[in-house]
Amino acid sequence: MACSRYEYVKSYEQDDKILPNVWIVIRIDGKKFHKFANAHKFEKPNDENALNVMNAAGIAVMEEFRDIVLGYGQSDEYSFVFRKDTSAFKRRAAKLLSYVTSMFTSSYVLSWSQWMQRPLSYAPCFDGRIVLYPSDENLRDYLSWRQADVHVNNLYNTAFWKLVLESGLTNQQAEERLRGTFSSDKNELLFQEFGINYNTLPAMYRKGTILLRKRVVLDSQDEQEKGRQAIVPIHEDLIGNEFWKQHTEILGKYVPGKHVVNSLNKHLERQLAKQLEKQATIAEI
């Protein structure tokens, strides 16, 4: 295209290239999601299918960006960790942020009907931010912070909604009942009044969802089989050292590790089997 006298306006664009050799974390958050959840009648305190819509959107983002080494989701938010040396979009912050946010949103909408029985009343909205972490310790602390947030919020919400839905308290009465209580108090309340051992509730509710790129191998396959690469949703504690020892590819050399499954459970059937089928189709072409 020939130059024109108007082209000078490009000089107003600011250079937003991200510093080299830092962890890039993009966090997506739902906007006014309490209203959205109420409008679509999400189950309280947790809606498994709604969480899996979030997970499906997270998987779609990681399939598009192979430089994302880990995704972490809970409630209405998802964090994506890009490896330190990524060159995606020449490390331009605006490009990365807008692409990830828009793709997550569109993928959420496309995945809705696969999990939810109720049609969308209106489109959801997500905002995003970029945060840079210079050290591995900083990154681990960030992810630990997000997982600790899951525990605090979910324990409170579980106790709150039990009081409202089963004990008949109003929202205000439930808030007053829980005001000033500690985790041990809420655990005791759930056990004594509702017979619930909080630690036996689904791990996805208590720990959130971690997405990792793995080579998936079924136990019926040969042990030497490399497996097909897929984004695997797992629900584990990532605050302790054991997680990082087991998944060394996150902070070290980025080579997807092996993930062996005994059988495709109900989560893997829909989140993982589709990816494996896609991989098999590509291999046959």
Side-chain angles (χ1 to χ4, degrees), residues 26-65 68 70-80 99-128 146-147 149-150 153-154 157-158 161 165 200-214 216 218 228-236 259 261-281:
I26 295 181
R27 186 165 83 243
I28 308 299
D29 281 297
K31 181 176 176 58
K32 296 184 179 179
F33 234 67
H34 286 297
K35 176 183 176 182
F36 181 84
N38 289 334
H40 294 90
K41 301 187 185 304
F42 283 12
E43 292 184 12
K44 307 291 187 181
N46 293 289
D47 190 308
E48 180 181 4
N49 287 328
L51 289 173
N52 277 314
V53 177
M54 292 287 293
N55 294 338
I59 289 171
V61 171
M62 287 187 66
E63 286 181 320
E64 179 70 16
F65 287 95
I68 296 177
L70 180 148
Y72 181 73
Q74 56 129 328
S75 186
D76 64 340
E77 73 170 53
Y78 239 99
S79 296
F80 299 100
Y99 200 141
V100 170
T101 305
S102 62
M103 183 162 195
F104 185 92
T105 305
S106 60
S107 297
Y108 185 96
V109 172
L110 288 174
S111 300
W112 179 270
S113 61
Q114 300 174 24
W115 295 95
M116 306 297 287
Q117 299 300 316
R118 183 184 179 88
L120 273 173
S121 300
Y122 61 92
C125 181
F126 295 89
D127 63 36
R146 300 320 304 141
Q147 189 167 71
D149 186 67
V150 175
N153 289 336
N154 188 64
N157 288 335
T158 301
W161 286 110
L165 298 177
T200 64
L201 295 179
M204 179 166 63
Y205 303 160
R206 296 181 290 109
K207 299 181 183 297
T209 299
I210 305 164
L211 300 181
L212 295 177
R213 205 179 307 276
K214 295 287 186 179
V216 178
L218 300 179
R228 300 192 183 281
Q229 194 173 128
I231 312 302
V232 179
I234 61 177
H235 315 289
E236 299 178 359
H259 182 79
V261 293
N262 296 324
S263 62
L264 292 179
N265 61 35
K266 65 178 180 178
H267 295 298
L268 292 177
E269 274 185 21
R270 301 178 69 179
Q271 297 282 26
L272 184 55
K274 186 176 181 181
Q275 297 178 65
L276 297 178
E277 182 180 350
K278 183 192 298 184
Q279 292 291 333
T281 301

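One-based numbering along the sequence shown.
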Legend entry - E236: partners by salt bridge (charged side-chain N to carboxylate O under 4.0 Å, His left out), with sequence neighbours left out: none
Inset, instruction - Could you check if a side-chain atom of L212 sits within less than 4.5 angstrom of a side-chain atom of L70, using non-hydrogen atoms only? - result: yes
Inset, instruction - Return the set of residues passing side-chain hydrogen bond (donor to acceptor under 3.5 Å, both in side chains) with S107 (not counting sequence neighbours), or none when no residue passes. - result: none
Legend entry - Atom pair CD1/CD1 of I210 and I231 - distance to nearest 0.5 Å: 14.0 Å
Can you list, pair by pair, the side-chain donor-acceptor contacts under 3.5 Å of residues 200-207, counting residues two or more places apart and other chains?
from: T200; atom 1: OG1; to: N197; atom 2: O; distance (Å): 2.6
from: R206; atom 1: NE; to: L201; atom 2: O; distance (Å): 2.8
from: R206; atom 1: NH2; to: N199; atom 2: O; distance (Å): 3.3
from: R206; atom 1: NH2; to: L201; atom 2: O; distance (Å): 3.2

Legend entry - Nearest-0.5 Å distance, CD of residue E48 to CG of residue N55: 10.0 Å
Legend entry - Taking every non-hydrogen atom, the tightest pair across P124 and Y108: CG-CD2, 3.5 Å
Enumerate donor-acceptor pairs with a distance under 3.5 Å from any side-chain N or O in residues 39-46 to protein atoms, sequence neighbours excluded.
from: H40; atom 1: ND1; to: F36; atom 2: O; distance (Å): 2.9
from: H40; atom 1: NE2; to: S121; atom 2: N; distance (Å): 2.8
from: K44; atom 1: NZ; to: N38; atom 2: OD1; distance (Å): 3.3
from: N46; atom 1: ND2; to: N154; atom 2: OD1; distance (Å): 2.9

Legend entry - Partners meeting salt bridge (charged side-chain N to carboxylate O under 4.0 Å, His left out) with D29 (sequence neighbours left out): R27, R129
Legend entry - Heavy-atom pair with the smallest gap, counting every atom of I28 and G128: CD1-CA, 4.3 Å
Legend entry - Q74 backbone acceptor or donor facing R146 side chain under 3.5 Å: no
Inset, instruction - Would you give the length of the straight line joining atom CE of M103 to atom CE of M62, rounded to the nearest 0.5 angstrom? - result: 12.0 Å
Inset, instruction - Using side chain to side chain contact (heavy atoms under 4.5 Å, CB included) as the criterion, list what pairs up with S111, not counting sequence neighbours. - result: V53, A56
Inset, instruction - Using side-chain hydrogen bond (donor to acceptor under 3.5 Å, both in side chains) as the criterion, list what pairs up with N153, not counting sequence neighbours. - result: D149
Inset, instruction - Using ring-ring contact (aromatic ring centres under 6.0 Å, His included) as the criterion, list what pairs up with F65, not counting sequence neighbours. - result: F82, Y99
Inset, instruction - Could you list the residues that satisfy ring-ring contact (aromatic ring centres under 6.0 Å, His included) with F104, not counting sequence neighbours? - result: Y78, F126
Inset, instruction - Report the distance from atom CD of E63 to atom CG of L211, rounding to the nearest 0.5 Å. - result: 10.5 Å
Inset, instruction - Check whether any side-chain heavy atom of T209 lies under 4.5 Å from a side-chain heavy atom of H235, and answer yes or no. - result: yes
